[in-house]
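One structure is given below, encoded as structure tokens.
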2 protein chains.
Amino acid sequence: MASTDKASPCDRLLDAAARLSYRDGVSIGVETLCREAGVSKRSMYQLFDSKDQMLAASLERRVARYQARLAHPDPDAATPRERILYVFEQLEKGSVDPDYHGCPYLAVLVELKDPEHPASAVARGVKQTLKEAFRTEAERGGARDPELLARQLLLIFDGASARAGARVERLDDGLATATATALLDAAGLA
Amino acid sequence: MASTDKASPCDRLLDAAARLSYRDGVSIGVETLCREAGVSKRSMYQLFDSKDQMLAASLERRVARYQARLAHPDPDAATPRERILYVFEQLEKGSVDPDYHGCPYLAVLVELKDPEHPASAVARGVKQTLKEAFRTEAERGGARDPELLARQLLLIFDGASARAGARVERLDDGLATATATALLDAAGLA
DNA sequence: GCGCGGCGAAACCGATCGGTGTATTCCATG
DNA sequence: CATGGAATACACCGATCGGTTTCGCCGCGC
């Protein structure tokens, strides 16, 4: 059976929306989405009010998985520095996938220039959460200015993911971790 | 008279394409573009082979202006460090404009996931040129690894422009220059 | 005065957009 | 077996997509 069988129409729709909108952009058509999910357009509009809300739901659905992949597997044993650098190591590991096209949440924010779009709100929330995670680690590690360090790390994170996704830069030599390390050192993080 | 009068149809078209595709995204329609430029669709298709090529031309047209805005006004008197930091100061100055939506070349690369698109090639070229400018300054300033430093600075540049354009971050407190400075120091740049 | 070329207005092309209406089928529950 | 909700197929809506074509005006050279 195909990987999309057996799941509920709602799940199949959200998975297809996440996959295709990430690969082809948010302007992917609902017709294509439904065909890919094996769900009729009529069913889709009974499950969701609009394409915009389905897109937001498809982003929301993957938030936990996304954050879990960036979280250090053994948080208690790791230092703040290790937990921060683990995020960038994971970014570098993911970027070698030929299907990698950058952080999907940043891509949505760039493509949907409308900040009122429901999907933009989801994406902003993910970015905010990551920043707060960085800031918490920065505080625990004794950084001189935890807020500043967190904002700097997000500059690196988003810059690296955007450039790697656009195939303008490669991260597989540790560019992101090296840059983050330089900032951690400059911030006086333990 | 409107600002678009008196210029040639070609210029008006390219200006409108640059303005609207930057504001609304590259999926802006040719109908809208032509209406804004006051040029008939027929004339547009005599001047350009396709919408894609017109988009590429509109990006190309602004390259020199874009690069000039990032270049230090007095290159001979300035140190490599000053010339590098000037780029980030200009980025921060531009980002306070309410119409700022990030670096237009990075936005095009993210929106047009197709690297074969003629506009993608133009955008990649701009990024490459900026990286080489950074590397030249890094060499002249005696950085330990000029190539690495140039790549790191572009991470900052693109991360800052994308986040500022998406209104997820503000640069008006000097975030970009502060981060770049930390990297220059870490690289041993004079 | 006349014809011709360039250009704008607008119709037109097939395709696709987001979204809806309607009729039908499937399946689980009572 | 009957009923009802869920899902289907499919036609349809007006709008817009990138792109082409027709027509008619206007100015310039002969």
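Here is the naming used below: chain letters follow the sequence lines, and residue numbers restart at 1 for every chain.
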Toward the 5' end of DNA chain C, which comes first, D49(A) or R35(A), by nearest nucleotide? R35(A)
Could you tell me how far apart M44(A) (CE) and dC17(C) (P) are, to the nearest whole angstrom? 12 Å
Are side-chain N/O atoms of E89(A) and T177(A) paired as donor and acceptor at under 3.5 Å? no
Candidate nucleotides dG18(C), dG18(D), dC17(D), ranked by approach to the side chain of Y45(A) - the nearest: dG18(C)
Taking the side chain from Q90(A) and the backbone from R69(A), do they hold a donor-acceptor pair closer than 3.5 Å? yes
Whole angstrom is fine here: how far is it from CG in D24(A) over to C1' in dT16(C)? 15 Å
Between E31(A) and Q46(A), whichever has its closest DNA chain D nucleotide further toward 5' is Q46(A)
Within this structure, what is the CG-to-C1' distance between L20(B) and dT16(D), rounded to whole angstrom? 16 Å
Any S40(B) side-chain N or O less than 4.0 Å from OP1/OP2 of dA9(C): no
Considering all heavy atoms of both residues, which atom of Y22(A) and which atom of H101(A) are nearest to each other, and what is their separation? OH-N, 2.6 Å
Any donor-acceptor pair under 3.5 Å joining the side chain of R42(B) to the base of dT22(D)? yes
Between R151(A) and D173(B), is any pair of side-chain heavy atoms under 4.5 Å apart? yes
Here the distance between atom C1' of dG19(D) and atom CZ of F48(B), to the nearest Å, is 15 Å
How close or far is atom P of dG19(D) from atom CE of M54(B), stated in whole angstroms? 9 Å
Taking any heavy-atom pair under 4.0 Å as a contact, classify I28(B): base, sugar-phosphate, or nothing. sugar-phosphate
Hey, do the aromatic rings of F157(B) and Y105(B) have their centres closer than 6.0 Å? no
Starting from P on dG18(C), measure out to CG on L55(A) and report it in whole angstrom. 11 Å
Atom-to-atom span, CG of L33(B) to C1' of dG19(D) - whole angstrom: 14 Å
Describe the nucleic acid contact of G38(B) in one word from base, sugar-phosphate, nothing, applying a heavy-atom distance below 4.0 Å. nothing
Value in whole Å for how far the P atom of dG18(D) lies from CG of L13(B): 13 Å
